[in-house]
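The next block holds one structure in the form of structure tokens; read it before the comments.
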Amino acid sequence: MVEHPQTAEESPTVVVDGLHVTYRVHGAGSGRGNAVRALRGLLSRAPSPAVRTVHAVKGVSFVAHKGEAIGLIGSNGSGKSTLLKAVAGLLPADRGRVLTRGQPSLLGVNAALLNDLTGERNVVLGTLAMGMSRQEVAERYDSIVEFSGINEKGDFVSLPMNTYSSGMSARLKFSIAAAKTHEVLLIDEALSTGDSRFQERSRRRIAELREQAGTVFLVSHHHKTVTETCDRALWLESGTLRMDGPADEVVAAYEQSVAAKGR
Amino acid sequence: MATSTAPPRPLPPDLTAYALAHGLTVSGARPGLRQYVHQLWSRRHFVAAFATARLTAQYSGARLGQLWQVLTPLLNAAVYYFVFGELMHTKDDVSDFVPFLVTGVFVWSFTQSTLMAGARAISGNLGLVRALHFPRAALPVSYALQQLQQLLISLGVLAAVLVCCGQLPRPSWLLVVPALALQTLFNTGVALVLARLAARTPDLAQLLPFLLRTWMYTSGVMWSVAQLVRGDSVPGVVRVLLECNPAAVYIALVRYALIDSYGTAQLPAHVWALAAAWALVAGAGGFVHFWRAEERYGRG
């Protein structure tokens, strides 16, 4: 057993140990003339050529502590969202491990709900799926709908979600997920959706959640949001950890590297 | 004590041991079976609400709306009556053919639609699976519950058809309750197996209709298994297979409960034991089979 000198003071909430994540994409092949090959692939259980594996996170290690807000930055496809999903336990690790205190929760604008059902039903189902009791759902229902601002321009909450604009459904999804307090909270770009009033509301809600939660992770392309909300940042580049340090330093180093490439 | 702007502390050499020493647990790890059952039980309200929401949303695009809950099973029975009753004259071999047929069609549809739904339970809800944490078995179980609700509506229709055909309610109708309870358990178990298989191999959803149709034609939905096996033309092995077929067992039990002229002579031997055994094997086996891949759903 390795004893770390600062053990008494430390309270880690997320430990990522040499994490590798790959995921499979179906339908990447040409889709023509490969029926026989596909069948053979099914029988032999070998990876078929139409299924491509993407090695999105390659050997990332870090420790996050209670009270930290950590920003994840990096270019598109650098593995930020995949890393977040792996921390949430929604994507399994290929190699390495993710260990957490409690069950981390991922708030994402991509958190898909049931589009053919009404907003009302989605609020109830989403909160029940997160493990709330019927009574808690009944108590929080009004505040969730109010927070989302869905009903500001008429009774939209009783319409199916596929009639919503993308901004509206993103707001409702965020409101549902943010209704619960979490020990480890993972936020994927949620701050950039919605109008400025909703952004302000959600920023306040995240600050609240961060006080109650132990640790907050935030993926964002808005570097101002990262430096304002986070004290620490991780810079990912094609699946590996380039830099881990104070948010303003990491963001500055990242912006410098982008500017250097652009020249 | 590190301040918020201090550089991150050096990583401990063995991260996993360090994390375990601080009481952290592996994220997204599969819970033990007992804990899994407990988790599923704590989401029972989600399971019920999801089933009801799907049932009511099912026909929301149609003009006649919820009326289709009743019309769909009726039209199904009408089609089979026309083909098998009138065109192929099966009705001459079976007494009370209309109650016989409608009961068979409704009981079979319950199994068929539960299995079809089960195959879509995970693969059709990947967004939900990837976004939220809950025991995944909640989805196939919820789909099975939705089909049970649908069946209860169909039973209302069935009762009306039976009364119209002169089959008046009698105490033996109550036997429908244990028979359908066992069938529900069986269906849910197989739906859990299919949900896991289809999550890994999406092609199963294309193949399943053909498998189910074959199964339907061998289950005596529109003909009498009892009459077929009575003759000497059927080899012993085939007879045993036909009589042990779980779909045929549940159909026979419901017919026995509801139809006057369908007596014990038409039931296979040890029919209740068979029904219970199928329900237990499929229910428990399906649940464990599904649970063993719990941490892999939603990948890829």
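A, B, ... follow the sequence lines: proteins, then strands. Residue 1 opens every chain. In this text the structure is predicted, and so the values were computed from the model without any measurement.
Of all heavy-atom pairs between B:T114 and B:Q147, the closest is OG1-CB, 3.4 Å.
Residue A:S61 touches chain B through both its backbone and its side chain, counting heavy-atom pairs closer than 4.5 Å. Neither the backbone nor the side chain of A:A247 comes within contact range of chain B; no heavy atom of the residue lies under 4.5 Å from a heavy atom of that chain. For chain B, no part of A:V137 is nearby; none of its heavy atoms comes within less than 4.5 Å. For chain A, the nearby part of B:R136 is the side chain; its heavy atoms alone come within less than 4.5 Å. Residue B:S42 does not touch chain A at all, counting heavy-atom pairs closer than 4.5 Å. If you measure heavy-atom distances from A:L125 to chain B, the contacts under 4.5 Å come from both the backbone and the side chain. Of the atoms belonging to A:R97, it is side-chain heavy atoms, and not backbone ones, that fall under 4.5 Å from chain B. For B:V47, no part lies near chain A; criterion is any non-hydrogen pair under 4.5 Å.
Because its NZ or CZ atom is not both nearer than 6.0 Å to the ring centre of B:Y297 and within 45° of the ring axis, B:R196 does not count as a cation-pi partner of that residue.
Applying the salt bridge (Lys or Arg N to Asp or Glu O under 4.0 Å) test to A:E139 and every residue at least two apart in sequence or in another chain returns nothing. In this structure, A:R242 has no salt bridge (Lys or Arg N to Asp or Glu O under 4.0 Å) partners at least two apart in sequence or on a different chain.
The ring of B:F186 has its center no closer than 6.0 angstrom to the ring center of B:F110.
Summarising the geometry, atom OG1 belonging to B:T188 is positioned 8.5 Å from atom CG belonging to B:L145; distances are rounded to the nearest 0.5 Å.
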